[in-house]
Structure formats: C-alpha cells, structure tokens
Amino acid sequence: MIVASWNVNSISVRLPHILEWLQEVNPDVVCLQETKSVDEKFPLAQLNEAGYQCSFFGERAYNGVAILSKLPAENIQKGFIGEQEPFSRRFIEAKVGPIYVLNCYIPNGQAVGSEKYEYKLRWLESLKSYLHQHKNSALPTVLCGDFNICPLDVDICKPEEFLGTIMCSDVERQALDEIKNWGFVDTFRKVNEQGGEYTWWDYRMGAFRRNLGFRIDHIWATSALCEKVSRSWIDKSPRKKERPSDHAPLLTEFSI
DNA sequence: ATGGTTGTAAAACAA
C-alpha cells in the first residue's frame, strides 16, 4: 500500500499534473494540501474517472485539504472535534481500508514572533490535543501533510543561514516533537539516512535549480505500522514540469 | 539586498 502526500498549490491549476502523476505512480492513498478550492468546485468527476474516491474540505483562495483513495473512505472528520477557535480548513481525516489517515496543512507561520507564528503554535497545540483526546496510538495511523517544519538540521539546505528562522526555529520544532511523541515515527527518516533530501523549494531565485530546499512535508506512522515501511521517497519529477507546485510529492510504501 | 515567483482574484495577501 502506497501512501502519498503532496501540497499541490491549487488543485484546479495542478489537475493535469495530478492526473498524470496518479496514472504513473498509482498510489493507494493521496493526501493533498493547499487545494485552494471551495468544495463546489472540487474536480470530483475527473478524479473519480481516474479511479479515486475523494474526501475534501476546502475554502476560497487559501488552504484546503483532500484525501484521495482507491478504497472508499469511512468516518470522515473535517477539522478538529471541538476546536478552540474557527481555524481555516487545514485538517481532514478518514479511515481507508485498515489505516486511519490524518491529513494536515500546518500553518506556514510567516516569520518567528509574528502573529501568524503564534497562530501556527496554537494550531500545533490543537493538533496535539486532538490526538490525545480522540485518537489511539495503538491503531495503525498515518499523519501526512505539509508540516511547514524541518525536523532536523540535515533537512535544511543551509542550516547556518536558516536555523532559527521560520520552519527551522526551536519553538516550532519542539511543538512538532511533542506531537511526534504521541506515538509517531517519521517514515522517510526511518528508511533514509542521508540529509539534503527536500520536498519544497521556493519559486524564487532559482531555488529548485540550485537545490535550495527544505524537507517540510512528512508522512508519519504509528510505531507498529512504521515497522511495515518498505520504501519512502520524494518524487521530484512533477517539480521539474512547466508550472509546477512548489512542493514535490512524498511517498511511503507499507507492506500491508 | 526586504528583492525574487506563484495563485487567488481583482488590490493585496499568503506562501
């Protein structure tokens, strides 16, 4: 079973890339972020035609998440149960086959110390509470998404330049560690030792060509499920196309 | 150096 996560930066603009990629890679579950589409305009027919069921939670212009799956999605949850403030649409969850799939688009945070950074930290706190109150780490669960955080220094292209700045600051990394400590293992890091592997490159300054990237997209799995990981890799091919998303898809294969 | 690019949506704003 292959699970993928991809920030597509507009599902309507990226639909041709997505359809081509689904046909080529044939993943079983795909978590999408930044769909930037109201639910009425979600391209459901084309994705159904491609063989995928769709659960989606979108809004106008910003944010938006979706889960595509070959098997039907059950127990769909949009947003956090009883969330403390009306967050933008950044979380969707479903059970697909034997796996609980949690898809999140963690706020970017803009700059350390800004209001948006505080919002990011509150959002992380809400995700942690949601896990502790409503989820069971003994069950096979994946947390996928654009986390907008580099867990380790080797996940940053130039740590000497970026450590302490947004996506690479101690406070947000600590908050993410607390979420991980609920019971997740980083599937990519479990089977890949090398640093310098990135999932996001800024559109500006030829960042992709110069490989100035960050590993901010992740697929985490609860520990028993993580034992079943056979491969995890970043597919840079869609990032090389014309008019790409600024993120590349991340994939993890489970032997189940 | 406060630049550069992309998407949304129609002037900024978010990333």
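Residue numbers begin at 1 in each chain, while the letters A, B, ... track the order of the sequences.
- The separation between A:Leu15 atom CG and B:dG7 atom P is 14 Å, rounded to whole Å.
- Side-chain atoms of A:Leu250 and A:Ser232, non-hydrogen and from C-beta on, do get closer than 4.5 Å to each other.
- For B:dT6, neither phosphate oxygen OP1 nor OP2 lies less than 4.0 angstrom from any side-chain nitrogen or oxygen of A:Ser245.
- As judged by a 4.0 angstrom heavy-atom cut-off over every strand, A:Ser114 is placed among residues making no nucleic acid contact.
- Across B:dA9 and B:dA14, the matching C1' atoms stand 13 Å from one another, rounded to whole Å.
- Scanning for side-chain hydrogen bond (donor to acceptor under 3.5 Å, both in side chains) contacts around A:Arg189 gives A:Asp155, with sequence neighbours left out.
- Between A:Ser12 and B:dT8, a side-chain N or O to OP1/OP2 separation shorter than 4.0 Å is present.
- A:Arg14 has no side-chain polar atom (N or O) that falls below the 4.0 Å cut-off from OP1 or OP2 of B:dT6.
- Sorted by first and then second residue, the side chain to side chain donor-acceptor pair (under 3.5 Å) pairs involving residues 39-51 of chain A (not counting sequence neighbours) form an empty list.
- Under the ring-ring contact (aromatic ring centres under 6.0 Å, His included) criterion, A:Phe188 pairs with no residue at all, not counting sequence neighbours.
- Here the P atom of nucleotide B:dT6 and the CE atom of A:Met205 are 13 Å apart, to the nearest Å.
- Straight-line distance from the CZ atom of A:Arg209 to the P atom of B:dG4: 16 Å, rounded to whole Å.
- Across the P atoms, B:dA12 and B:dG3 are found 15 Å apart, a figure rounded to whole Å.
- Among residues two or more places apart in sequence or in another chain, the side-chain hydrogen bond (donor to acceptor under 3.5 Å, both in side chains) test is passed with A:Asp217 by A:Thr199, A:His247.
- Through direct or indirect side-chain contacts shorter than 4.5 Å among Ile, Leu, Val, Met, Phe, Trp and Tyr, A:Tyr62 is connected to no other residue.
- With respect to A:Glu59 and A:Lys36, no salt bridge is recorded, no charged nitrogen being found less than 4.0 Å from a carboxylate O.
- The stretch residues 236-243 of chain A touches DNA chain B through A:Arg243, each having a heavy atom within less than 4.0 Å of the strand.
- A:Tyr52 meets the ring-ring contact (aromatic ring centres under 6.0 Å, His included) test with no other residue; sequence neighbours excluded.
- The side-chain hydrogen bond (donor to acceptor under 3.5 Å, both in side chains) search around A:Glu197 returns A:Gln194, not counting sequence neighbours.
- Distance noted for atom C1' between B:dA15 and B:dG4: 13 Å (whole Å).
- Residues passing the ring-ring contact (aromatic ring centres under 6.0 Å, His included) test with A:Phe91 are A:Phe80, A:Tyr130, sequence neighbours excluded.
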At a cut-off of 3.5 Å, list every protein nitrogen or oxygen paired with a nitrogen or oxygen from nucleotides 12-15 of chain B, distance to 0.1 Å.
{"unit_1": "B:dA14", "atom_1": "OP2", "unit_2": "A:Lys116", "atom_2": "NZ", "d": "3.1"}
{"unit_1": "B:dA15", "atom_1": "OP1", "unit_2": "A:Arg90", "atom_2": "NH2", "d": "3.1"}

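- When the P atom of B:dG7 is taken as reference, atom CG of A:Leu32 falls 16 Å away, rounded to whole Å.
- Pairs passing the side chain to side chain donor-acceptor pair (under 3.5 Å) check and including a residue from residues 156-179 of chain A, sequence neighbours excluded, read A:Tyr117-A:Ser169, A:Lys120-A:Glu172, A:Lys128-A:Glu178, A:Asp153-A:Arg173, A:Ser169-A:Glu172.
- For the segment residues 160-177 of chain A, the set of residues with a heavy atom within less than 4.0 Å of an atom of DNA chain B is empty.
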